[in-house]
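Residue numbers begin at 1 in each chain, while the letters A, B, ... track the order of the sequences.
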Amino acid sequence: MKNINKEPDFKHIGNKLLSWYEKNARDLPFRQTKDPYKIWICEIVFQQTRISQGLGHYNNFVARFPDVKTLAEAEEDEVILYWKGLGYYSRAINIHKAAQQIMTDYHGKFPHEYEEILKLKGVGKYTAAAVSSICFNGKMPAVDGNFYRVLSRVFADGFDISNSRAFNYFSELAHLILPDQVGDFNQAMMDLGSEICKPKNPLCRECPLNEDCLAFSMKKVSEFPVKAKKMKAKDLELKYYFVHRNGQFLIQQRKDDFIWKKLFEFPPEISDALVPFVVGVKTVSHKLTHKNLSIEIYNVEVLSEEVWNHFIAENSYLTTDVESSHEKSFPKPLETYIRNYEEAYRFL
DNA sequence: AAGCCGGGGCT
DNA sequence: AGCCCAGGCTT
């Protein structure tokens with residue numbers, strides 16, 4: 001009997017990682033303790049921060065504020081002072097408030113449960129999972145950027161890590177390989193992601209998972225993780241020619257790629273033969289947000305449906321039914337075109 | 001769901 | 001110059 005109808009088993013991957021971690025764990029100050037306070041502080045300090053950058057701050061911080069009570073009773077300004085140079089200063093504000101939260105809501109005793117830890121200011125799903133798993137044998141994977149990178153490579157998974165559902169998606173992948181010792185596993189993923197499975201130039205030859213890594217076996221490690229470009233909104237200038245002849249304007253239809261798929265518009269360029277009929281040129285400014293190829297237009301008004309219908313009736317070049325020709329993905333092609341007409345109307 | 005916060009290292 | 005980093009909060 002084959003393993004048909006049975007989920008593939010990837011647990012050996014998590015266990016391999018654990019074996020690797022036993023021998024290769026980085027020697028870091030917060031690795032010597034299971035004090036939830038210290039682990040919490042270190043998780044906050046090292047959010048979006050490299051170990052080498054935050055290590056000094058971490059040591060100074062826990063030396064000055066060795067426990068929840070000391071931190072809770074400190075002045076906020078001094079807490080912030082110890083954060084100087086780290087960036088993301090709201091972390092310092094939140095860490096101080098959370099300490100007071102622990103004093104008032106938990107009588108100074110650090111909460112053990114994931115759901116409770118999650119309630120602390122500045123603690124999200126990642127940090128709650130990390131603290132509960134490392135200190136209290138919690139079973140939640142601490143899914144962070146390292147998880148995204150390692151898992152997307154191991155499974156050669158093209159899920160867009162900038163997608164807002166990436167956390168849930170990679171949490172599910174993590175559960176496929178999650179061993180029993182979740183705390184060590186979470187830290188192992190951090191070390192692997194930082195030392196081996198790095199964003200650039202990963203050391204795949206030394207990777208304990210290279211035999212299990214689908215991206216590696218396909219020689220496509222550099223293609224993962226997939227991250228959609230977060231394009232800045234760009235200004236797009238388009239030049240339109242207004243060719244007027246026998247009471248009609250020349251318009252044309254866009255291609256079905258890029259923006260305004262199959263939308264009708266005044267021609268952005270014309271042949272020499274049409275030059276004598278050009279009655280105007282207008283440059284229109286657009287805001288282009290690449291992410292979903294959507295367009296915002298400014299400096300223009302929407303004309304009434306009546307004017308649009310009038311234009312349709314007047315224009316013999318319009319041979320396709322606009323309503324059915326445009327892609328559904330485009331929100332308001334009709335209005336967009338009307339606005340272009342408005343531009344021409346004003347110009348003439 | 002998207003924007004914002006940030007200094008610093010790497011390519 | 002652009003990308004990335006032990007994310008979370010706000011709107």
> Taking N and O atoms by type only, does the side chain of A:Arg50 place a donor or acceptor under 3.5 Å from a partner on the base of C:dC4?
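Present.
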> For DNA chain C, whose closest nucleotide is more 5', that of A:Lys125 or that of A:Arg149?
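Taking each residue's closest nucleotide, the earlier one in sequence belongs to A:Arg149.
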> Between C:dC5 atom C1' and A:Tyr148 atom OH, what is the distance in whole Å?
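From A:Tyr148 OH to C:dC5 C1': 14 Å.
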> Between A:Arg165 and A:Lys198, just flag the one whose closest nucleotide in DNA chain B comes earlier from the 5' side.
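Nearest-nucleotide comparison on DNA chain B picks A:Arg165.
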> With heavy atoms under 4.0 Å as the rule, sort A:Val45 into base, sugar-phosphate or nothing.
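The answer is nothing, as A:Val45 stays clear of every strand by at least 4.0 Å.
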> Rounding to an integer number of Å, can you tell me how far A:Leu203 CG sits from B:dC10 P?
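Checked: the CG to P distance equals 14 Å.
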> How many Å lie between OH on A:Tyr89 and P on C:dG7, as a whole number?
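After rounding, the reported distance stands at 17 Å.
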> Check the pair A:Glu43, A:Ile134 against side-chain contact (heavy atoms from CB on, under 4.5 Å), reporting the backbone distance first and the verdict last.
CA-CA 11 Å; A:Glu43 292 303 338; A:Ile134 294 171; 3.9 Å; yes
> Measure from the side-chain heavy atoms of A:Gln48 and tell me the nearest of C:dG8, B:dG7, C:dC5.
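Nucleotide nearest to A:Gln48's side chain: C:dC5.
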> Output the rounded distance in Å from CG (A:Asn201) to C1' (B:dT11).
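One finds 8 Å between C1' of B:dT11 and CG of A:Asn201, rounded.
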> Decide, yes or no, whether a salt bridge links A:Lys97 with A:Glu76 under the criterion of side-chain N to carboxylate O below 4.0 Å.
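Answer for the salt bridge query: no.
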> Would you indicate, yes or no, if C:dC9 has its OP1 or OP2 atom less than 4.0 angstrom from a side-chain nitrogen or oxygen of A:Asn94?
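It does not, given that no N or O in the side chain of A:Asn94 lies less than 4.0 Å from OP1 or OP2 of C:dC9.
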> Quick one: the side chain of A:Tyr88 and the base of B:dG6, do they pair up donor-acceptor inside 3.5 Å?
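A donor-acceptor contact between them is present.
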> Pair A:Phe65, A:Phe61 - check ring-ring contact (aromatic ring centres under 6.0 Å, His included), show working.
CA-CA 6 Å; A:Phe65 311 108; A:Phe61 195 95; 4.9 Å; yes
> So A:Phe30, base contact, sugar-phosphate only, or nothing? Heavy-atom distance under 4.0 Å.
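Base contact.
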> How far does the C1' atom of B:dA1 sit from the matching atom of C:dC5, given to the nearest Å?
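After rounding to an integer number of Å, I get 23 Å for this pair.
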> Within this structure, what is the CZ-to-P distance between A:Arg91 and C:dC5, rounded to whole angstrom?
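Taking atom P of C:dC5 as the reference, CZ of A:Arg91 is at 15 Å.
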> For A:Gln47 and C:dC9, what is the distance between atoms CD and C1' respectively, to the nearest whole Å?
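Atom-to-atom, A:Gln47 to C:dC9, this comes out as 11 Å.
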> Whether A:Lys125 and A:Asp144 form a salt bridge (side-chain N of Lys/Arg under 4.0 Å from carboxylate O of Asp/Glu) is what I want to check.
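Not counted as a salt bridge, because no side-chain N and carboxylate O are separated by less than 4.0 Å.
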> Can you check the A:Leu55 CG to C:dA6 P distance for me, whole Å?
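Atom CG in A:Leu55 sits about 14 Å away from atom P in C:dA6.
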> Is A:Ile44 touching bases, backbone alone, or none of the nucleic acid, heavy atoms closer than 4.0 Å?
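Here A:Ile44 touches no strand at all.
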> Between B:dG6 and C:dG2, how far apart are the C1' atoms? Round to whole Å, please.
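Approximately 16 Å lies between the C1' atom of C:dG2 and that of B:dG6.
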> Please report the distance, rounded to the nearest Å, between NZ in A:Lys227 and C1' in C:dC4.
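From A:Lys227 NZ to C:dC4 C1': 7 Å.
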> Between A:Lys200 and A:Asn146, who's closer to the 5' end of DNA chain C by nearest nucleotide?
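Looking at DNA chain C, the more 5' nearest nucleotide goes with A:Lys200.
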> Run the salt-bridge test on A:Arg153 and A:Glu223 with the 4.0 Å N-O cut-off and return the result as yes or no.
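Salt bridge: no.
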> Nearest to the side chain of A:Gln53, which nucleotide is it out of C:dG8, B:dG8, C:dA6?
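The answer is B:dG8.
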> Between A:Phe170 and A:Phe159, how do the two ring planes meet: parallel, tilted or perpendicular, split at 30° and 60°?
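Geometry flag for A:Phe159 against A:Phe170: perpendicular rings.
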> DNA chain B: A:Ser52 or A:Ser90, which has the more 5' nearest nucleotide?
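Nearer the 5' end of the strand: A:Ser90.
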> Is any side-chain N or O of A:Thr49 closer than 4.0 Å to OP1 or OP2 of B:dG7?
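It does not, given that no N or O in the side chain of A:Thr49 lies less than 4.0 Å from OP1 or OP2 of B:dG7.
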